[in-house]
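Indexing begins at 1, ligand by ligand and atom by atom, following the structure's order.
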Amino acid sequence: MIHIRIPATSANMGPGFDSIGIAVELYNHIWVEEIPEGLMIEVKRKQEIEVPKDETNLIYQTMKYFYDQKGLKMPCVRIVQEDFIPMIRGLGSSAACIVGGLFAANALAGNIAEKEELAQMAAKLEGHPDNSNPAIFGSMVVGAQDDNGMKHVRLELPNDLLFATMVPNFPVSTHDSRRVLPDAYSRGDMVFNASRAALLVASMMTGKYENFDMSMEDRVHQPYRAQLIPGMHEIFAHAKEFGAVASYLSGAGSTLMAMVTKDKAEAFESKMSEYLGTLEHGWKLSLLQADMQGVLVETE
Ligand code: HSE
């Protein structure tokens, strides 16, 4: 069987809306094999959302898209999926299905596409590359796309940073979370975000953690999405008080992400989990390493 392991991803990082994302060590797994006839889909780990086991399944649909793009007939397949990335929480669970489906289809078809071509397809299917790129390349990826394609640069994340995911018990769909955003922004807001996104990338590359707090400020999406995430600003303030270098809304939410240096991780974890335990919405804290590898494809 072909086994694909895809990391969870955290998009935007504050000002890098639809552009910047990172991968973390939390994974979905997919196994695929050709079968003589029909379609078999097995879901090994149930979450609160029912995963379709027919042709509407996202992994299946993405595999079919790959075969269609290549002008090939989609074979009959058995798909097994085991999802550890929480769904509809801003940790790239849909991108993981899309990336997994594309890499599964490519492996089944005899590796006829390069990684770069698959990255282009994934960004197109997602509509923005800030989850699909880090899911494919690992670490931190900066991307931009237009109708002619997507350009991206993978940057090496410093190895003394941990990513504290704080996942509540309520979902926020990307669709709902994009609907609350304005259609236009002022020049002031544009300057605010462009300068911080640039500062974020430069500070990450040079290890200037003292800049992170300012560089993760944002006026494009977080102020509007805060209404969907009860307690967001208070949780950010506590994360700072407990030693995080910066925090931001992960993707379209509902997960919040704090970045913590390893030397402060133990104290942060104990204080933050105690605080989150006092709140509604069952917030769950996990301190994760960055995933540096991206999608893994192997034959078992
Ligand atoms: N950049 C996207 C957003 C990520 O924030 O809407 C979610 O898919």
Ligand-residue contact atoms, ligand 1 with [X], heavy atoms, under 4.0 Å:
X	result
G251	5 (O)
F17	3 (C), 5 (O), 6 (O)
N12	1 (N), 3 (C), 5 (O)
N131	4 (C), 7 (C), 8 (O)

Side chain of H221, backbone of G14: donor and acceptor closer than 3.5 Å?
yes
Looking only at heavy atoms, what is the nearest atom pair of T62 and L58, with distance?
OG1-O, 2.6 Å
Would you kindly check if the NZ (Lys) or CZ (Arg) of R154 is within the cone defined by 45 degrees around the ring axis of F137 and under 6.0 Å from the six-membered ring centre?
no
Tell me the protein heavy atom at minimum distance from atom 6 (O) of ligand 1, and give that distance in Å.
R178 NH1, 2.6 Å
Shortest protein heavy-atom distance from atom 8 (O) of ligand 1, along with the residue and atom involved:
H128 CE1, 3.0 Å
D160 with K264: basic N within carboxylate O range, under 4.0 Å:
no
For ligand 1, is any non-hydrogen atom under 4.0 Å from T174's backbone (N, CA, C, O), its side chain (CB onward), both, or neither?
side chain
N or O pair under 3.5 Å between H221 and ligand 1:
no
Any N or O of R225 that comes nearer than 3.5 Å to an N or O of ligand 1?
yes
Looking only at non-hydrogen atoms, the one of L181, L249, D18, T9 nearest atom 2 (C) of ligand 1 is D18
Applying salt bridge (Lys or Arg N to Asp or Glu O under 4.0 Å) to K115 and not counting sequence neighbours gives none
Sequence neighbours excluded, which residues qualify as side chain to side chain donor-acceptor pair (under 3.5 Å) partners of T278?
none
For D83 and Y27, test the side chains for any donor-to-acceptor distance below 3.5 angstrom and give the result as yes or no.
no
